[in-house]
There are 2 protein chains.
Amino acid sequence: MSLRFAILGLLTSGELSGYEITRRFEQSVGYFWHARAQQIYPELARLESEGLVIGRAVPQAGRPDKRVYTITSRGLDELTAWVLTPSPLTLTKDEFLVKVWSYGLVDPAAALAALEQHRRQQEERLAAYRAIEAAFEGAHPEAVPPAFLGPYLTLRAGITFVESFLAWADDAARILRARLTQPPQSAS
Amino acid sequence: MSLRFAILGLLTSGELSGYEITRRFEQSVGYFWHARAQQIYPELARLESEGLVIGRAVPQAGRPDKRVYTITSRGLDELTAWVLTPSPLTLTKDEFLVKVWSYGLVDPAAALAALEQHRRQQEERLAAYRAIEAAFEGAHPEAVPPAFLGPYLTLRAGITFVESFLAWADDAARILRARLTQPPQSAS
DNA sequence: TAAGTCATGTAATCGGTTACATGATTGC
DNA sequence: GCAATCATGTAACCGATTACATGACTTA
């Protein structure tokens with residue numbers, strides 16, 4: 001369900017082609033929902049057949065022709081209704097934390113190294129988010145124009161979550177370091 | 001891939017039936033990976049056919065017979081190898097934040113109400129985590145026995161993440177409240 | 001010459017959910 | 001009597017990923 005509304009949300013700021021939507025999914029909404037081109041094209045066709053968007057062929061010179069989509073008023077209605085709908089708590093699926101769950105089985109030094117490698121990846125992500133945050137620059141939170149309110153809030157969510165991961169990782173690293181002298185041990 | 005290793009991880013603390021594994025997935029590892037019974041039973045069969053676990057029928061009186069599984073040494077080898085493997089950054093999928101992304105389209109008061117409802121759900125989750133944390137009670141972090149290190153660290157991760165959501169939600173609520181007098185506006 | 005971008009798709013597969021089935025026992 | 005718990009499954013479906021295909025243009 002979310003995919004169609006993520007697409008409709010993107011289209012509220014103007015017409016976009018499937019390709020352009022695919023690119024947007026690598027940023028912005030993409031932090032909390034993502035999809036590849038192969039999923040986006042059929043979804044756009046479905047949205048059009050349901051009258052929530054309308055497509056228009058745009059011939060281009062020097063590059064392939066494209067088909068751009070505009071959200072219809074019915075599409076906007078369905079989107080705004082959905083936005084206020086209650087959401088179930090997200091059941092996170094995080095491969096890394098499944099690994100952490102078995103850290104008691106392995107050498108603490110090795111676990112520490114794996115943890116720190118993952119921490120570095122998260123730090124890179126944070127830097128990318130911060131760079132985008134700078135684009136909202138100047139504008140103190142209350143002054144963000146309505147069209148950018150949602151993107152701004154979700155970006156802040158992204159930053160907050162990555163920062164909290166880093167804080168947890170530092171804490172976990174401290175606990176692992178205290179065990180470096182102890183041998184690894186299997187459970188129970 | 002993660003499902004099989006989540007199951008193997010659970011089996012490191014002793015033999016469990018498919019049903020018991022299903023129950024465990026509602027807590028502990030379940031915070032970062034989850035699966036329903038229908039997925040767990042076939043996976044156990046697959047793990048057994050690959051020699052990573054061995055099953056044993058346990059006749060019971062007064063309740064259905066069950067089949068309990070033990071991790072093999074090959075299973076333990078594969079698990080410990082996997083645990084130290086680098087993990088890709090998780091691409092979160094969060095329906096609620098897809099909605100937040102379009103908060104600029106709706107009445108700030110309605111958005112605020114939706115936000116606060118979701119916040120309350122997260123608070124309940126935090127209370128549940130804290131209750132489990134109390135079971136690790138007394139033991140200061142460095143003293144947690146190795147068999148509980150992983151579960152302890154993931155529980156702390158769960159607590160940290162929920163707390164950071166609450167902090168973000170408070171911040172977002174503050175920003176929305178500052179807009180209560182302004183009319184809703186559709187995107188440019 | 002090779003890789004990358006723009007642009008849109010099909011096909012096969014997989015992981016996961018929903019719905020359904022069965023059947024005994026225990027607690028309200 | 002009804003719902004919940006214990007216990008294990010099958011079948012249909014759906015959302016998402018991987019692999020593959022095409023083809024022109026641009027940049028290294």
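In what follows, chains are A, B, ... by sequence order, proteins preceding strands, each numbered from 1. Hydrogens, waters and symmetry mates are skipped; everything else that's a heavy atom, side chains included, is used. Just so you know, these numbers come straight off a predicted model, no measurement behind them.
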Upstream residue (5' side of DNA chain D) when B:Ala37 and A:Ala35 are each assigned their closest nucleotide: B:Ala37
Output one line per pair: protein atom, nucleotide atom from nucleotides 3-5 of chain D, and distance, for all N/O pairs under 3.5 Å.
none

Is there a side-chain contact between B:His34 and the phosphate of C:dG16, meaning an N or O under 4.0 Å from OP1 or OP2? no
Using the C1' atoms of five pairs at each end, what's the angle between the two axes of the helix from C:dT1-D:dA28 to C:dC28-D:dG1, to 10 degrees? 40°
For residues 121-134 of chain A, the side chain to side chain donor-acceptor pair (under 3.5 Å) pairs (sequence neighbours left out) are A:Arg119-A:Glu123, A:Arg130-A:Glu133, A:Arg130-A:Glu163
So, is B:Tyr41 close to the D:dT8 phosphate, meaning a side-chain N or O under 4.0 Å from OP1 or OP2? yes
Check the interface with nucleotides 22-28 of chain D: list each N/O to N/O pair with the protein under 3.5 Å, or write none.
none

Pairing residues for B:Asp65 by the side-chain contact (heavy atoms from CB on, under 4.5 Å) criterion, not counting sequence neighbours: B:Pro59, B:Gln60
Return the set of residues passing salt bridge (charged side-chain N to carboxylate O under 4.0 Å, His left out) with A:Arg120 (not counting sequence neighbours), or none when no residue passes. none
Side-chain ion pair, B:Glu20 and B:Arg23, N-O less than 4.0 Å: no
Residues passing the ring pair (Phe, Tyr, Trp, His ring centres under 6.0 Å) test with A:Trp101, sequence neighbours excluded, are none
Every protein N/O lying under 3.5 Å from an N/O of nucleotides 19-21 of chain D:
from   : atom 1 : to      : atom 2 : distance (Å)
D:dA19 : N6     : A:Gln38 : NE2    : 2.9

Pairs of donor and acceptor atoms involving the side chains of residues 42-55 of chain A, under 3.5 Å and at least two apart or interchain, shall be tabulated with distances.
from    : atom 1 : to      : atom 2 : distance (Å)
A:Glu43 : OE1    : A:Arg46 : NH1    : 2.8
A:Glu43 : OE2    : A:Arg4  : NH1    : 3.0
A:Glu48 : OE1    : A:Arg67 : NH2    : 3.4
A:Glu48 : OE2    : A:Gly55 : N      : 2.8
A:Glu48 : OE2    : A:Arg67 : NH2    : 3.1
A:Ser49 : OG     : A:Arg46 : O      : 2.8
A:Glu50 : OE1    : A:Arg4  : NH2    : 2.5
A:Glu50 : OE2    : A:Arg4  : NH2    : 3.2

Which residues satisfy the salt bridge (charged side-chain N to carboxylate O under 4.0 Å, His left out) test with A:Arg24, sequence neighbours excluded? none
Using the side chain to side chain donor-acceptor pair (under 3.5 Å) rule, collect all pairs that involve residues 79-94 of chain A, keeping only residues at least two apart or in two chains. A:Ser87-B:Lys99, A:Thr90-B:Asp94, A:Asp94-B:Thr90
Has the side chain of B:Trp168 got a donor or acceptor atom that lies under 3.5 Å from a matching backbone atom of A:Leu153? yes
For A:Arg174, salt bridge (charged side-chain N to carboxylate O under 4.0 Å, His left out) partners two or more places apart: A:Asp171, B:Glu142
